[in-house]
2 protein chains.
Amino acid sequence: MSLKKEITIYDLARELNYSPSTISRALNDHKSISKKTIKKIKETAQEMGYRPNTLAAGLRNNKSKTIGISISRINRPFMSSLISGIEEEARKSGYNVIISQSHDKYENEVNNTKALYDSRISGLIVSLSMETIKLDHFKQFMKQGIPVVFVDRAPHGLNSYKVVIDNYTAGYNATKHLIEQGCTRIAHFAGAQHRNIYEGRKKGYLDALKEHEIEIDDELIIHFKTLSFEEGEKATKKLLKLPSPPDGIFSANDTAAVSAVMTAKKQGVKIPEELAVIGFNDDPIASIVEPSLSTVSHPAEKMGRISAKRILNHSDKTHDEGISEVTVLHTDIIVRDSSNRKKS
Amino acid sequence: MSLKKEITIYDLARELNYSPSTISRALNDHKSISKKTIKKIKETAQEMGYRPNTLAAGLRNNKSKTIGISISRINRPFMSSLISGIEEEARKSGYNVIISQSHDKYENEVNNTKALYDSRISGLIVSLSMETIKLDHFKQFMKQGIPVVFVDRAPHGLNSYKVVIDNYTAGYNATKHLIEQGCTRIAHFAGAQHRNIYEGRKKGYLDALKEHEIEIDDELIIHFKTLSFEEGEKATKKLLKLPSPPDGIFSANDTAAVSAVMTAKKQGVKIPEELAVIGFNDDPIASIVEPSLSTVSHPAEKMGRISAKRILNHSDKTHDEGISEVTVLHTDIIVRDSSNRKKS
DNA sequence: TTATTTTATGCAACCGATTCCGTTATTTAT
DNA sequence: ATAAATAACGGAATCGGTTGCATAAAATAA
């Protein structure tokens, strides 16, 4: 029953015969407090078991040391790694991380970001929901000078921080890789085209074909809604029924790619000889499926770390309305068995 | 540049000629405010775009509407699903969720829980780190009447909420399943035995053998440190070199089990005919590996939901020092190809 | 030596909601 | 009709830091 009384800066002030302001400043290493005083105060704070009340500080500053995250779903390998990176970086600096899931619904994203806004977060890291087109729900942050970092799934316009990969080049290289393996009819599992990442991957795919003078066949480009396993299965079956089926598939994610590998194999198609497949993300399933899936590696944790740093370093001075710093990370093609015809 | 002024209950009070106390009470549906007044106040609050300042409320109550989580790692299928469940349930009630990762280090867990404590969380949900043995860092919460829910990896003693699965029965049934498939020499990939979950699974394994009068061979019980893919590979190779190798493996997680399947297959061992394998968790990789992995399903999201509810429903009245409500969820054996000899 | 900075610290007003303790009408009981 | 109970609301302190504006002392400049 003994609710240990929390000690405050006032207790420290009384103990040390200083004013609360001095205590506060000392604990924050304010320059106008002498080193000796700071040291003394910090020591007794330690001894007395002082714990700063972040709520009080937050109230005063109208800002909590907290980073908010809005993503589609936590339980996706890419997303959980991203969060992991953010969390580690944030915690180093004494920031908390609060998460919210949109489940790829625009409405949820709006509600969640509102809730985060109300929580006085110091910054927001967003990977847009699949549905999101309107971006008004982010303007409140910008108005208040609260940094917003779009990661991976970023919007086109809107001046703000962005941490993305070069989807175009990745798509180009993945397709080029298939071409180099001798593929001449390459299909593409495309994601929703209003999401930058899928748009970039498709463009890269198209340009790679063009540059190698391979005719583009619209029949081979399948637009997915969610790039799920089931969709992948359906698409693969459809492709294999074609009079002239593809000899290569570049999928915009690993789930659909793995699905293609398994479906094709079940139908007796030889992989990679008859059909070479490459995915995107390097999810754990990619190395488990047989034959193992070639893919494009996605530096998820690193993206998380960088996003967090963007927020932690965002000085409030830069109240310039239009901060636009875009970080583009590069990706690697990971060649595994599903596309390696030359057994290099 | 126009930093929109946030409106407070004082603004509402002025506007409506009420006192701030009345506004506050009305917004919280206090019984001593008339329905009409409440309605009127809430309406104009809506119109004027009022947003409650959770920091101020938190400061006053010494409690933020926030649930803290301490887990080993976010980017594990089980953990991210768990968090997903917690987040959904919490958000429904207007709570935020803040996460921290221990990376299975005791020291991190201690630091993280301290940080969460300082953030005045309303409750803590913990899945213990692999190293944790001492539990003193949780006592501060109990002293303050802040509910702590141990989920999955729970401690033995310590009165508090627990949400776990019946690891013993799961281990028993998994082993029994292998026996029913005709296995007579069944190996076990065991996890750290001071963690309840691994202890239970092993006990279930042992008892299943005893009850079916199968001799226990210590050579077949391998104690893992982290149940990683690499460890699984090593263990499998070792087992297969035995003069009399096992014809079945019950692994305490899927990662090691998948590793066993792949390793054994590479060595020409027929699965499930010569070696039947069953894992634990039902991770995504389980259904991708070939042959697909039999496993024990782990209701991760549900566990998260229940854990969150425990905290949300924890009335502060129950200040009884010793709340001990244990929720035991049941698991299902999922039979896939890696153990299905009878092709039922 | 006197004037001017610089250094170190204190005062007190916030930040926005909550709540104990009244006070004044309005009912209900006697 | 008067006492007692109830309903509806207001006053003001409180939560624990933060910070602009003094002020006093010490250091430096003139």
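Sequence lines set the chain letters: A, B, ... in the order given, protein chains first and strands last, and positions in each chain run from 1.
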Would you kindly give the NZ-to-C1' distance between B:Lys40 and D:dC9, to the nearest whole Å?
12 Å

Can you check whether B:Glu131's main-chain N or O pairs, donor with acceptor, with B:Ser129's side chain at less than 3.5 Å?
yes

Would you mind reading off the distance between B:Ile9 atom CD1 and D:dA12 atom P, rounded to a whole angstrom?
16 Å

Given atom OH of B:Tyr10 and atom P of D:dG11, what is their separation to the nearest angstrom?
12 Å

Can you check whether B:Thr37 has a side-chain N or O nearer than 4.0 Å to OP1 or OP2 of D:dC9?
yes

Looking across every strand, which nucleic acid part, if any, lies under 4.0 Å from B:Arg51 by heavy atom: base, sugar-phosphate, or nothing?
sugar-phosphate

From C-beta outward on B:Ser32, which listed nucleotide comes closest to its side chain: D:dA8, C:dT18, D:dG17?
D:dA8

I want to check one thing: is the phosphate of C:dA17, taken as OP1 and OP2, less than 4.0 Å away from some side-chain N or O of B:Tyr50?
yes

Using a 4.0 Å heavy-atom cut-off across all strands, classify A:Thr8 as base, sugar-phosphate, or nothing.
sugar-phosphate

Does this structure show an ion pair linking B:Asp152 with B:Arg195, if we count only N-O contacts that are shorter than 4.0 Å?
no

Nearest-Å distance, NE2 (A:His30) to P (D:dT19)?
8 Å

Give one of base, sugar-phosphate or nothing for B:Ser34, where a contact means two heavy atoms less than 4.0 Å apart.
sugar-phosphate

Any N/O donor-acceptor pair, B:Ser21 side-chain to D:dG11 base, under 3.5 Å:
yes

Give a yes or no answer on whether the side chain of A:Asn53 reaches the backbone of A:Leu55 with a donor-acceptor pair at less than 3.5 Å.
yes

Is B:Tyr18 touching bases, backbone alone, or none of the nucleic acid, heavy atoms closer than 4.0 Å?
sugar-phosphate

So does A:Ser19 reach the base of C:dC11 with its side chain, donor to acceptor, closer than 3.5 Å?
no

Looking only at side-chain N and O atoms, does A:Asn61 come under 4.0 Å of OP1 or OP2 in C:dC15?
no

Are any of the side-chain heavy atoms of B:Leu124 and B:Phe138 separated by less than 4.5 Å?
yes

Is B:Asn53 close enough to C:dT18 that one of its side-chain N or O atoms is under 4.0 Å from OP1 or OP2 there?
no

Can you measure B:Leu59 atom CG to D:dG17 atom C1' for me and round it to whole angstrom units?
8 Å

Salt bridge or not for B:Arg153 and B:Asp104, using N-O below 4.0 Å?
yes

Pair of N/O donor and acceptor under 3.5 Å linking C:dG10 base with A:Arg25 side chain:
yes

Let's see if you can work this out: which of C:dA17, D:dT18, C:dT18 has an atom nearest to the side-chain heavy atoms of B:Ala56?
C:dA17

I need the NZ-P distance between B:Lys63 and C:dT19, as an integer number of Å.
12 Å

Could you walk me through whether B:Leu158 and B:Phe150 pass the side-chain contact (heavy atoms from CB on, under 4.5 Å) check?
CA-CA 10 Å; B:Leu158 214 56; B:Phe150 291 99; 3.7 Å; yes

Indicate, with a heavy-atom threshold strictly under 4.0 Å, whether B:Asp11 touches base, sugar-phosphate, or nothing.
nothing

So what does B:Asn62 touch, heavy atoms closer than 4.0 Å: a base, only the sugar-phosphate, or nothing?
nothing

Return the value, rounded to whole Å, for the distance between atom NZ of B:Lys31 and atom P of C:dT18.
16 Å

Protein-nucleotide distance (B:Lys35, atom NZ; D:dC9, atom P), rounded to Å:
12 Å

